[in-house]
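Counting convention: from 1, in listed order, for ligands and their atoms alike. No experiment lies behind these values; they were computed from the predicted model shown.
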Amino acid sequence: MGIRIIGTGSYVPDQILTNQALEQMVETSDAWIRERTGIGSRRITKAGTTDMAVKAAKCAVEQAGVLPEELGLIIVGTSTGDCLFPGTACEVQAAIGAKEAACFDLSAACSGFLFSLNTACTYLKSGEYKTALVVGADTLSKTVDWKDRGTCILFGDGAGAAVIRWEDSSGGIGPFIMKADGSRGECLRCSAMPLRNPFLDKEEDVFGYMTMNGQEVFRFAVKTVPEVLEAVLEKAGVLAGDIQYFILHQANERIISSVAKRIRQPVSKFPMNLEHYGNTSGASIPILLDELNRQGKFNRGDKILLAGFGAGLTWGATFLQW
Ligand code: COA
């Protein structure tokens, strides 16, 4: 028995924000952004996280060929939902008509999809549910200060989704590893609603933009991602050389090539789409997964590693056999 991905979907908004357009907004250049990050453009939503999550979810459910009522569980990995409540997963449920599904959001920033996938697999393994929809959707464009050239060049909006099912077949998803270090939360942070009540001496009514120590986050990623990839390979009893694709969170081309070098694998095994979308946070892994799937890149039995990292700090990796 194993848990398999039976459908994928993704959605990115139409509006494209190029590096050239950013040159008009902050002191930066296309050449600098490309050299330091690999990013050329990103997408900006005018409709929000739920809209994107629903569109990606519909594509995944359609490809999976399941009825919405067959979904027992919906988890949306997001840290930028449109509402504090209801959760994005509940809104997705209503939009696609998945009446039977238990629904909740999972907040793990850029590791959101990976942690949601692992969580959904654990529920499926428990026997509680047979089929689940896992979505990664984020609107980072509303968290960045568009005057801060250190962050506004990096992020974009989007959503990706996967339908997973407990099947009578070998392989599937797992093992996985999930890690966190809350003591380093300050290096990538965005506050939510400020405290507002009549009992405060002074109300804080300013929404805080994202703040980031770029160099510290860079060092964290290039150290922890190779470590967690090696650890999950060992847990799976598989060699790095046996892996067809390493699907990493799309934060920065230099981070991905450094990880490839550290685990001594050719960078050609690390597909990237960050040139077009930037860092879409929890959406980056499922968008890339869907693109590769729809291009017919995966064959049954292919060994794939997923790895995510981001605010928390959080990071993790998942082994799967297609
Ligand atoms: N355009 C032009 N110059 C910029 C710039 C921009 N957008 N942003 C910063 N600079 C300048 C800095 O002010 C600095 O100038 P100085 O030397 O005169 O002080 C110089 O470029 C180098 O800045 P530095 O911060 O050292 O650059 P870097 O090589 O570390 O690249 C990041 C900055 C943000 C691209 C890089 O640190 C990074 O990608 N970190 C990881 C961030 C990330 O992935 N976060 C999400 C994780 S999920």
Side-chain angles (χ1 to χ4, degrees), residues 17-42 77-80 106-116 136-158 160 178-182 184-190 209-226 228 247-260 262 270 272-275 277-288 306-317:
L17 176 65
T18 61
N19 290 348
Q20 287 75 14
L22 277 169
E23 287 173 355
Q24 310 303 313
M25 297 167 64
V26 289
E27 202 184 323
T28 190
S29 68
D30 175 53
W32 192 95
I33 302 172
R34 283 185 188 272
E35 194 208 311
R36 301 289 176 119
T37 70
I39 299 166
S41 62
R42 61 293 288 139
T78 184
S79 48
T80 53
L106 189 152
S107 171
C110 298
S111 308
F113 176 80
L114 195 84
F115 282 24
S116 300
D138 269 309
T139 306
L140 268 283
S141 63
K142 70 179 176 186
T143 69
V144 298
D145 175 356
W146 288 97
K147 295 188 180 77
D148 174 17
R149 67 176 183 172
T151 52
C152 76
I153 58 156
L154 296 174
F155 299 96
D157 304 332
M178 296 191 282
K179 308 280 272 182
D181 180 0
R184 287 197 284 165
E186 281 304 319
C187 68
L188 185 48
R189 184 184 177 88
C190 184
Y209 290 113
M210 167 198 300
T211 54
M212 181 180 78
N213 179 333
Q215 289 184 6
E216 193 177 336
V217 174
F218 193 96
R219 281 195 297 273
F220 145 74
V222 298
K223 179 172 184 296
T224 56
V225 177
V228 79
I247 300 179
L248 267 51
H249 169 48
Q250 303 286 295
N252 183 317
E253 191 182 333
R254 287 193 296 143
I255 292 176
I256 296 175
S257 0
S258 163
V259 171
R262 283 189 194 208
F270 292 70
M272 292 184 226
N273 61 9
L274 56 86
E275 185 188 353
Y277 308 133
N279 178 345
T280 56
S281 192
S284 86
I285 291 175
I287 291 175
L288 185 54
L306 312 179
F309 55 93
L313 297 170
T314 55
W315 67 103

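For the pair E253 and R34, the salt-bridge criterion is not met [side-chain N within less than 4.0 Å of a carboxylate O].
D138 pairs with exactly one of C110, S284, S79 by the side chain to side chain contact (heavy atoms under 4.5 Å, CB included) rule, that one being S79.
Residues V225 and I255 fail the side-chain proximity criterion, which asks for heavy atoms closer than 4.5 Å.
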Between the protein and ligand 1, are there any N or O atom pairs that come within less than 3.5 Å of each other, and if so, what are their names and distances?
residue  : atom   : partner : partner atom : Å
ligand 1 : 1 (N)  : T28     : OG1          : 2.7
ligand 1 : 3 (N)  : R149    : NH1          : 3.4
ligand 1 : 7 (N)  : T28     : OG1          : 3.2
ligand 1 : 7 (N)  : R149    : O            : 3.0
ligand 1 : 13 (O) : R149    : NH2          : 2.9
ligand 1 : 26 (O) : Q215    : NE2          : 2.4
ligand 1 : 27 (O) : R36     : NH1          : 3.3
ligand 1 : 29 (O) : R36     : NH1          : 2.5
ligand 1 : 29 (O) : R254    : NH2          : 3.4
ligand 1 : 37 (O) : G214    : O            : 3.3
ligand 1 : 39 (O) : N252    : ND2          : 2.8
ligand 1 : 40 (N) : G214    : O            : 2.9

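Here T18 contributes atom OG1 and I39 contributes atom CD1; the two are 13.0 Å apart, rounded to the nearest 0.5 Å.
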*Tell me, with the steps shown, if N213 and R189 meet side chain to side chain donor-acceptor pair (under 3.5 Å).*
CA-CA 9 Å; N213 179 333; R189 184 184 177 88; over 6 Å; no
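Shown here for C190 and T143, the closest heavy-atom pair between the two residues is SG-CB, 3.9 Å.
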